[in-house]
Colleague: 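Following this message is one structure expressed as structure tokens.
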Amino acid sequence: MKLSLKYYRTTALIVFVVVIATAVGFLNKLLQPTYDVILSVSSITVISALLFIYDRFLWKWIPFLLYVKDISGRYAGDLISDFSKQRTTKPLSIIIEIKQTASSVHVRQFTISSSGDLTRSESITEELYTLSDGS
């Protein structure tokens with residue numbers, strides 16, 4: 001699992017980690033662990049497991065840790081480009097697929113030319129942010 005924290009709200013993430021670590025520590029104290037190492041390993045394990053579950057599944061329904069919105073989906077439309085061999089501006093059919101987790105966004109674009117040729121491109125890096133107008 002590749003987990004990036006760049007779209008997480010820093011304060012919310014710190015509070016989440018502290019609360020979970022405190023809860024695990026309290027539970028371990030109730031169960032009277034034999035070694036202190038068990039306490040720290042179990043806290044790290046629980047936090048990692050919860051972040052994995054949140055990153056993959058829960059972030060769409062419980063977005064309190066993130067500052068990005070869900071834009072995943074399949075979008076279709078027409079693309080007008082002035083870059084072509086014939087220098088015409090005929091619209092191209094385009095499909096954009098966005099797959100998103102809490103820590104990553106993957107974009108694939110499929111373009112169908114007027115001659116029926118299919119081209120495909122994929123994102124290799126992404127950066128999501130909110131513009132000053134809210135978009």
Side-chain angles (χ1 to χ4, degrees):
M1 171 183 96
K2 179 183 175 191
L3 180 67
S4 169
L5 302 177
K6 70 180 178 179
Y7 298 127
Y8 284 74
R9 290 186 172 121
T10 308
T11 305
L13 183 61
I14 291 170
V15 168
F16 173 79
V17 168
V18 168
V19 167
I20 297 301
T22 304
V24 170
F26 178 73
L27 287 174
N28 279 332
K29 193 169 188 177
L30 282 177
L31 299 174
Q32 298 179 355
T34 310
Y35 301 104
D36 289 335
V37 176
I38 294 173
L39 176 70
S40 62
V41 171
S42 63
S43 295
I44 292 169
T45 303
V46 170
I47 291 168
S48 297
L50 288 175
L51 281 176
F52 174 79
I53 292 168
Y54 182 81
D55 183 67
R56 294 293 185 249
F57 308 108
L58 299 178
W59 69 276
K60 288 183 182 184
W61 299 281
I62 310 170
F64 72 95
L65 286 177
L66 303 172
Y67 67 85
V68 295
K69 295 179 182 177
D70 180 15
I71 59 170
S72 58
R74 185 178 177 111
Y75 304 91
D78 292 323
L79 174 70
I80 298 176
S81 172
D82 62 357
F83 180 76
S84 67
K85 295 176 184 174
Q86 295 86 14
R87 295 287 181 212
T88 60
T89 57
K90 293 182 182 178
L92 303 171
S93 295
I94 186 171
I95 298 170
I96 296 177
E97 291 180 348
I98 302 174
K99 292 186 179 179
Q100 184 176 1
T101 67
S103 62
S104 67
V105 178
H106 301 279
V107 179
R108 287 191 179 116
Q109 174 183 314
F110 303 93
T111 308
I112 305 168
S113 68
S114 56
S115 64
D117 296 333
L118 177 69
T119 59
R120 177 181 168 185
S121 63
E122 292 186 43
S123 64
I124 57 172
T125 184
E126 93 283 340
E127 184 69 32
L128 296 178
Y129 53 91
T130 303
L131 298 175
S132 60
D133 66 357
S135 60

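All values below come from the heavy atoms of this structure, side chains included, with hydrogens, waters and symmetry mates left out. Throughout, numbering of the chain's residues begins at 1 and tracks the sequence.
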Colleague: Run the side-chain contact (heavy atoms from CB on, under 4.5 Å) test on Ile95 and Tyr75 for me, step by step, so that the C-alpha distance in whole Å, both residues' side-chain angles and the decisive distance to 0.1 Å come before the verdict.
Modeller: CA-CA 6 Å; Ile95 298 170; Tyr75 304 91; over 6 Å; no

Colleague: Scan residues 100-111 for pairs that pass salt bridge (Lys or Arg N to Asp or Glu O under 4.0 Å), counting only residues two or more places apart or in two chains.
Modeller: Arg108-Glu122

Colleague: Ile14, Phe64: one ILVMFWY side-chain cluster at the under-4.5 Å cut-off?
Modeller: no

Colleague: Which value, rounded to the nearest 0.5 Å, describes the distance between Ser103 atom OG and Leu66 atom CG?
Modeller: 9.0 Å

Colleague: Applying the 4.5 Å side-chain criterion to the ILVMFWY set and letting contacts propagate, would Ile44 and Val15 be lumped into a single cluster?
Modeller: no

Colleague: Starting from Trp59, can I reach Trp61 by hopping between I/L/V/M/F/W/Y residues whose side chains sit under 4.5 Å apart?
Modeller: yes

Colleague: Is there a path of hydrophobic side-chain contacts, each under 4.5 Å between heavy atoms of I, L, V, M, F, W or Y residues, that connects Leu58 with Leu13?
Modeller: yes

Colleague: Report the residues that fulfil side chain to side chain contact (heavy atoms under 4.5 Å, CB included) with Ile20, sequence neighbours left out, ordered by chain and then residue number.
Modeller: Phe16, Val24, Val46, Ile47, Leu50

Colleague: Determine whether a donor-acceptor pair (N or O, by modelled atom type, separation under 3.5 Å) exists between the side chain of Tyr8 and the backbone of Ala102.
Modeller: no

Colleague: Parallel, tilted or perpendicular: which fits the ring planes of Phe57 and Phe52, with parallel below 30° and perpendicular above 60°?
Modeller: perpendicular

Colleague: Quick one: salt bridge (charged side-chain N to carboxylate O under 4.0 Å, His left out) partners of Arg74, sequence neighbours excluded?
Modeller: Glu97

Colleague: For Phe110 versus Leu118, what's the shortest heavy-atom pair and its separation?
Modeller: CB-CD1, 4.0 Å

Colleague: Residues in salt bridge (charged side-chain N to carboxylate O under 4.0 Å, His left out) with Lys6, at least two apart?
Modeller: Glu126, Glu127

Colleague: Please find the pair of heavy atoms, one from Ala21 and one from Ser43, that lie closest to each other, and give the distance.
Modeller: O-OG, 4.1 Å

Colleague: With sequence neighbours left out, write down each residue that passes side chain to side chain donor-acceptor pair (under 3.5 Å) with Asp133, or none if nothing qualifies.
Modeller: Ser135

Colleague: Quick one: does any side-chain atom of Asp70 pair with a main-chain N or O of Lys60 as donor and acceptor, under 3.5 Å?
Modeller: no

Colleague: Let me confirm one number: the NZ-CD1 distance from Lys99 to Ile71, rounded to the nearest 0.5 Å.
Modeller: 14.5 Å

Colleague: Can you check whether Lys69's main-chain N or O pairs, donor with acceptor, with Gln100's side chain at less than 3.5 Å?
Modeller: yes

Colleague: Tell me whether Val18 is reachable from Leu51 by hopping between hydrophobic residues (I, L, V, M, F, W, Y) whose side-chain heavy atoms are closer than 4.5 Å.
Modeller: no

Colleague: Do you know the tightest heavy-atom contact between Pro63 and Arg9?
Modeller: O-NH1, 3.9 Å

Colleague: Could you tell me which residues satisfy side chain to side chain contact (heavy atoms under 4.5 Å, CB included) with Ser104, sequence neighbours excluded, listed by chain and number?
Modeller: Thr101, His106

